There are 2 protein chains.
Amino acid sequence: MAVPDPATLDSVAAHAGVSRQTVSNVLRHPDRVAAGTRERVLTAIRETRYRPSLPARQLATRRAHAIAVRAERTQDGISGLVLDAFYHGLAEAGQDNGLRVLLYAQPADEAAEVALIDELVHTGAADAVVLTATSAADERPAHLRESGTTFCAFGRPWGHDDEPHDWVDVDGAVGTGLAVRHLLDRGHRRIAYLGWPEDGADPSTGTDRRRGWLEAVGAASLDGPPVEARSLNQAAAAEVAVAALLARADAPDAIVCASDTLALGAHRAALAAARSARPATVVGFDATPVAAALGLASVAQPIDQAAHLCIDLLTGRFEAPDRPAQGLLVAPVLHLPS
Amino acid sequence: MAVPDPATLDSVAAHAGVSRQTVSNVLRHPDRVAAGTRERVLTAIRETRYRPSLPARQLATRRAHAIAVRAERTQDGISGLVLDAFYHGLAEAGQDNGLRVLLYAQPADEAAEVALIDELVHTGAADAVVLTATSAADERPAHLRESGTTFCAFGRPWGHDDEPHDWVDVDGAVGTGLAVRHLLDRGHRRIAYLGWPEDGADPSTGTDRRRGWLEAVGAASLDGPPVEARSLNQAAAAEVAVAALLARADAPDAIVCASDTLALGAHRAALAAARSARPATVVGFDATPVAAALGLASVAQPIDQAAHLCIDLLTGRFEAPDRPAQGLLVAPVLHLPS
DNA sequence: GCTCCAAGTTTGAGCGCTCAAACCACCCTA
DNA sequence: TAGGGTGGTTTGAGCGCTCAAACTTGGAGC
């Protein structure tokens with residue numbers, strides 16, 4: 001069976017007995033069309049199964065109606081699901097705003113990535129980019145601003161407040177604060193922190209999470225001084241670090257961790273150390289299925305919300321390219337074991 | 001500073017003193033252009049910083065040069081497909097073949113998804129789709145074939161061999177077979193299987209993995225008959241199931257699991273059961289960081305390779321739309337604990 | 001010296017849409 | 001009754017590319 005030629009603006013117009021432009025107006029500026037005409041055209045659209053051609057629209061408007069986001073090279077995995085959720089959120093929010101989401105493979109380094117983004121934007125494949133996994137040493141934002149590329153970062157401009165750009169981030173300090181208060185409520189009095197090696201130096205996600213713990217613990221005027229340990233983001237390393245912590249005289253009875261990977265290690269160390277007594281309670285970060293499987297509480301990032309806000313910032317900027325840069329912080333929630 | 005108008009085919013042509021079409025040929029059909037001219041044009045392209053306009057090309061060729069893939073709604077389970085790796089593989093392989101990867105948010109149900117895919121294809125946003133998470137009851141392939149949409153599934157057409165389509169899948173049976181042989185090599189003689197409740201009924205991923213275990217165990221002529229247990233894909237449920245298994249008179253000394261989630265539960269049960277003796281060895285599936293953290297061997301799916309093959313099948317089909325459907329199985333490998 | 005051919009190059013047309021400007025009734029005002 | 005509006009609609013032009021067909025050459029062949 002022969003498939004009929006797909007309908008175009010012209011064929012729909014002929015079908016409805018109006019002009020091309022009127023059909024276009026019905027779709028893009030309904031208010032410019034008289035109600036009667038509009039109905040007639042809508043019927044024609046339905047009858048002809050008309051679908052607007054995206055490329056034609058892109059060519060005429062010089063807008064791609066798409067944003068690009070990086071597909072990470074395989075990463076440590078436990079928190080890989082977080083990224084999946086972010087992709088879903090972007091795609092969903094994008095669809096609601098007429099934006100498609102384009103994936104690009106993470107290139108070898110930041111320079112190559114900036115070049116690739118430039119390519120995507122200048123060939124008309126995307127209008128803007130969502131930057132993920134930003135850090136203090138990140139060169140991408142500066143380059144993108146320079147080349148005039150519209151973008152929104154998921155992650156704060158750590159230490160680059162002088163070069164403002166749009167960003168959305170999760171307030172890690174609030175998250176660890178929640179964890180501490182949860183533990184306090186349950187009677188814990190020696191609440192330690194297990195973070196990453198670099199925490200406390202340059203501003204970073206780690207510093208932020210640590211600060212939340214420190215402030216919450218400080219505000220509670222507990223027994224001794226706050227205790228902490230650091231470990232690479234690997235369960236085995238974390239297990240070793242926490243074992244040492246638990247062997248100390250002032251061993252903690254609870255541990256707030258910077259990630260679920262660390263929490264997994266901490267959990268094992270706690271179990272091992274507590275042959276007889278009650279094991280130290282561990283709280284994780286990211287609320288991955290691992291934490292749920294182990295019965296650990298964990299701080300959940302509202303990834304979906306963050307993704308929606310990125311899209312909001314971007315669409316806002318499309319409409320007002322010169323408005324000042326905005327940063328948005330969203331609060332995490334604590335997921336308790338069921 | 002004023003940004004110069006972006007170069008077009010015409011402006012490059014003028015710059016090089018040739019015609020529009022010659023510039024186009026230099027890019028798309030270099031062999032049709034004399035070497036000297038080609039050099040001159042390439043120089044002009046460089047000097048003018050020319051970037052071809054994707055939308056214009058799409059409009060003229062009626063091809064989107066893009067494929068769509070679904071962004072999953074947040075899923076649970078430690079394992080399952082960690083999609084990031086798949087996305088990255090698709091994006092990478094796509095870039096090598098001039099295909100962009102478009103993400104669409106998972107709709108409420110399969111009917112809505114088919115409608116959305118139809119929309120993407122007919123508006124010229126994508127040329128084809130990669131279907132993920134296929135199952136025996138999946139209605140999507142049938143609908144897509146019917147509407148003539150090009151697609152490739154990541155996952156076999158379980159029980160629908162009469163309606164062939166392009167697919168790529170990981171050979172789960174080979175994976176569990178590897179696990180069994182690994183255990184045999186290490187002296188285990190009573191190797192059980194921990195699968196999902198539905199395994200063995202309709203053909204499915206679970207059946208496939210179970211079969212690999214059964215065949216490998218059968219081929220080894222071991223002590224007693226093969227022992228197995230089933231559990232929902234949750235660590236807690238798996239722990240209960242395995243505890244029962246280990247309490248039996250013919251308790252196994254090793255357990256091959258259908259997922260790392262199950263392996264986590266099995267591991268905990270094994271530790272608990274073995275107060276004194278050596279605990280049963282557990283092997284997982286998917287090689288997630290959890291397995292690595294617990295020191296368990298686990299079957300790793302070559303996700304990246306699978307993604308590349310999906311792109312290969314798709315590009316092949318673009319060139320020969322009528323070639324018969326192809327199915328490709330890729331072999332997993334066993335990741336040993338380090 | 002003429003035709004014929006292939007390699008190389010140019011021209012014309014069109015993909016389906018949106019913008020801006022032009023047009024057209026028709027009503028209102030002076 | 002002529003002179004403005006004002007919603008509603010149409011027209012013309014063009015976005016930047018590719019396809020197919022038409023056009024140039026400089027040999028090779030006779």
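Reminder, nothing fancy here: chain letters follow the sequence lines and each chain counts from 1. These numbers were taken from a predicted model, which means no experiment stands behind them. Scope of the values below: all heavy atoms of this structure, side chains included, with no hydrogens, waters or symmetry mates.
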Regarding [X], tell me which of base, sugar-phosphate or nothing describes its non-hydrogen contacts under 4.0 Å with the strands shown.
| X | value |
| --- | --- |
| Pro52(A) | sugar-phosphate |
| Ser53(B) | sugar-phosphate |
| Arg20(B) | base |

Next on the checklist: Could you tell me if the side chain of Tyr104(A) sits less than 4.5 Å from the side chain of Val129(A), heavy atoms only?
Outcome noted: yes
Next on the checklist: With heavy-atom distances below 4.5 Å as the criterion, would you say the side chains of Cys152(B) and Val168(B) are in contact?
Outcome noted: yes
By nearest atom, which of the nucleotides [options] is closest to the [X] side chain?
| X | options | value |
| --- | --- | --- |
| Tyr50(A) | dC17(C), dC15(D), dC17(D) | dC17(C) |
| Val18(B) | dT18(D), dT11(D), dT10(C) | dT10(C) |
| Ser19(B) | dG16(C), dT10(C), dT9(D) | dT10(C) |

[N] OP1/OP2 closer than 4.0 Å to side-chain N/O of [X]:
| X | N | answer |
| --- | --- | --- |
| Ser24(B) | dC17(D) | no |
| Arg32(A) | dG7(D) | no |
| Thr22(B) | dT10(C) | yes |

For [X] and [N], what is the distance between atoms [atom1] and [atom2] respectively, to the nearest whole Å?
| X | N | atom1 | atom2 | result |
| --- | --- | --- | --- | --- |
| Leu9(B) | dC15(C) | CG | C1' | 15 Å |
| Arg62(A) | dG16(D) | CZ | C1' | 9 Å |
| Leu59(A) | dT18(D) | CG | P | 12 Å |
| Gln21(B) | dG16(D) | CD | P | 17 Å |
| Arg63(A) | dC17(C) | CZ | C1' | 15 Å |
| His29(B) | dA20(D) | NE2 | C1' | 12 Å |
| Asn25(B) | dC17(D) | CG | P | 13 Å |
| Leu27(B) | dT18(D) | CG | P | 8 Å |

Next on the checklist: Check this for me: does any side-chain nitrogen of one of Arg70(A) and Glu72(A) sit under 4.0 Å from a carboxylate oxygen of the other?
Outcome noted: yes
Item to check | Residue-level proximity of residues 36-48 of chain A to DNA chain C when a heavy atom falls under 4.0 Å | outcome: none
Determine whether a donor-acceptor pair (N or O, by modelled atom type, separation under 3.5 Å) exists between the side chain of [X] and the backbone of [Y].
| X | Y | value |
| --- | --- | --- |
| Arg40(A) | Ala16(A) | yes |
| Arg20(B) | Ala14(B) | no |
| Thr48(A) | Ala44(A) | yes |

Checklist entry - Parallel under 30°, tilted from 30 to 60°, perpendicular over 60°: which one fits the rings of Phe151(A) and His165(A)? => result tilted
Next on the checklist: Quiz question: going by heavy-atom distance under 3.5 Å, is there a donor-acceptor pair between the base of dC15(D) and the side chain of Gln58(A)?
Outcome noted: no
Checklist entry - Any side-chain donor paired with an acceptor under 3.5 Å for His122(A) and Asp118(A)? => result yes
